[in-house]
Amino acid sequence: MTSKASAPGKIILFGEHFVVHGVKAVLCAINKRVTVISKKNKTQNIFIKSSLGENTIAITESIDNIDNMFKPFFFIAKKIIIENNFSNGVDIEIQSEIPIGAGLGSSSACCVATAASISNLFSKPEKNKILELAIEAEQTIFPKTSGADCTVSVFGGIIEYQKDSDYKIIETEHEFNFIIVNSKKSHSTNIVVDRVNKFRTENKEIFNDLYNDESKLIEKAVESLQKFNLETIGKCMSQNQIFLEQLGVSNDQLQEIIKLVEKDTFGAKITGAGDGGCIIALTDKNKKESLLQRIKTEYESYPVTIDKTGMQVFNIT
Ligand code: PMV
């Protein structure tokens, strides 16, 4: 049997970085997905192929010895093989529509889709189990991950997420029109998260004030999302951007892009770790196309909508 699974990327509407330190974040799954196709093979190897290249390890190889971008996916494959007492390897093919290192959750979506696809070769995957495995895999390259990205990728929709608590879906029937603008400077989440940690250690009081302000802002943002109050959501996004700038995770280029889109949107901010990657803006449905036209010669930009399905699994015979 060949198994196919897919999982969505994400944008962070509110709370990136602060979520690592315990503040609630709000994330939204988007209609850009990773698809993973897998099948059992008759060798003793795990083989991975993606648009970024190919790599093979023996099923007996220690994960600690792997030092390449496929490490989380080898981790997943090995763990499932061992749990199922399977004596051969698997072939894995990863196809992605999500830009890498851009704050759109590509690595989490890859972990979720890989875990779901390989698990499905042995038994019907259960969402909470896939989430646990995907977070564990992501920790092999990003030990401090809050787990937020994997959670929204598994369940889809808009979620409130707080570390060590249950996530909560923000139910909405409304259509949200976001645009994404890619600065094309890729970032390392690990490096930016470490930089915020350093800022926290060196500026305890400032960090505590920001932490409290962000927590209050998120309560207001959640209420405005529930009421579909676009003006207030946009203002909260712009305020969140100011807090992120104070944390030191923005840069001149991101600020320039935000300025460029601001007048045609309700609000705009970084999404994800920052210092590169993408910005998101909440737009009016009727202004979206003209805004995209206006900026298209300068920046790669596209509209995104909410993905409500989360991870999906299929059997291909
Ligand atoms: O840039 P991304 O997609 O890796 O998002 C990182 C979000 C952080 O809050 C900075 C880290 C985390 O684990 O939540």
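Fair warning: this is a prediction, and the values are worked out from it, not measured in the lab. Counting convention: from 1, in listed order, for ligands and their atoms alike. In what follows, residues are counted from 1 in the order of the sequence shown. The figures that follow rest on heavy atoms only: side chains count, while hydrogens, waters and symmetry mates do not.
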Q: What is the closest protein heavy atom to atom 1 (O) of ligand 1, and at what distance does it sit?
A: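 Protein heavy atom with the smallest distance to atom 1 (O) of ligand 1: A273 N, 2.9 Å.
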Q: Closest non-hydrogen protein atom to atom 2 (P) of ligand 1, residue and atom name please, with distance?
A: T189 OG1, 3.6 Å
Q: Any donor-acceptor pair under 3.5 Å linking the side-chain atoms of S108 with those of E138?
A: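 Indeed, the side chains of E138 and S108 share at least one donor-acceptor pair under 3.5 Å.
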Q: Does F142 come within less than 4.0 angstrom of ligand 1, counting non-hydrogen atoms of the residue?
A: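 Distance cut 4.0 Å: F142 passes for ligand 1.
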Q: Counting only heavy atoms closer than 4.0 Å, does ligand 1 sit against the backbone of D149, its side chain, both, or neither?
A: side chain
Q: Which atoms of ligand 1 have any heavy atom of E16 under 4.0 Å away?
A: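 Within the 4.0 Å cut-off of E16, ligand 1 contributes 9 (O).
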Q: Against ligand 1, does G105 come closer than 4.0 Å with any heavy atom?
A: yes
Q: With clusters defined by side-chain heavy atoms of hydrophobic residues (ILVMFWY) lying less than 4.5 Å apart, directly or transitively, does I158 cluster with V112?
A: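 No; tracing contacts between hydrophobic side chains, which count when under 4.5 Å, never links both residues.
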Q: Assess, by modelled atom type and distance only, whether the side chains of E289 and Q293 contain a donor and an acceptor separated by less than 3.5 Å.
A: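 Result is no, nothing qualifies.
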Q: At what distance is the nearest protein heavy atom to atom 8 (C) of ligand 1, and which residue and atom is it?
A: H17 N, 4.0 Å
Q: Decide whether an N or O pair under 3.5 Å exists between V19 and ligand 1.
A: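 N/O-N/O distance below 3.5 Å does not exist for this pair.
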Q: If we set the cut-off at 4.0 Å for heavy atoms, which region of S146 has an atom near ligand 1: side chain, backbone, both, or neither?
A: both
Q: Salt bridge (Lys or Arg N to Asp or Glu O under 4.0 Å) with D264: which of K259, R294, K287?
A: R294
Q: Tell me the protein heavy atom at minimum distance from atom 7 (C) of ligand 1, and give that distance in Å.
A: I12 CD1, 3.7 Å
Q: Going through the checks in order, is the salt bridge (charged side-chain N to carboxylate O under 4.0 Å, His left out) test met by D275 and K185?
A: CA-CA 8 Å; D275 195 26; K185 176 181 182 267; 3.4 Å; yes
Q: What is the nearest protein non-hydrogen atom to atom 11 (C) of ligand 1, stated with its residue, atom name and distance?
A: V20 CG2, 3.7 Å
Q: On the ring face of F122, is K40 found with NZ or CZ under 6.0 Å from the centre and within 45° of the axis?
A: yes
Q: What atoms of ligand 1 come within less than 4.0 Å of a heavy atom belonging to G272?
A: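 Contacts of ligand 1 toward G272, numbered from 1: 1 (O), 5 (O).
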Q: Scan T56, N45, N41 and name whichever one has a side chain to side chain donor-acceptor pair (under 3.5 Å) with D91.
A: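 Single pass found, and it is N41.
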Q: With side-chain contact (heavy atoms from CB on, under 4.5 Å) as the test, pick out the partner of L131 among C150, C111, S153.
A: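 With L131 as partner, C150, C111, S153 yield a single side-chain contact (heavy atoms from CB on, under 4.5 Å), made by C150.
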Q: Should H187 be counted as touching ligand 1, given the test is an N or O pair under 3.5 Å?
A: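 Yes.
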Q: Scan side-chain atoms only and decide if N240 and K269 contain a donor-acceptor pair under the 3.5 Å cut-off.
A: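 No, K269 and N240 have no side-chain donor paired with an acceptor closer than 3.5 Å.
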Q: Tell me which protein heavy atom sits closest to atom 3 (O) of ligand 1, plus the residue, atom name and distance to 0.1 Å.
A: K10 NZ, 2.6 Å
Q: Do the side chains of D149 and K10 get close enough for a salt bridge, i.e. N-O under 4.0 angstrom?
A: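 Yes, D149 and K10 are salt-bridged.
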Q: Which atoms of ligand 1 are found less than 4.0 Å from any heavy atom of T145?
A: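 Selected atoms, number and element: 13 (O).
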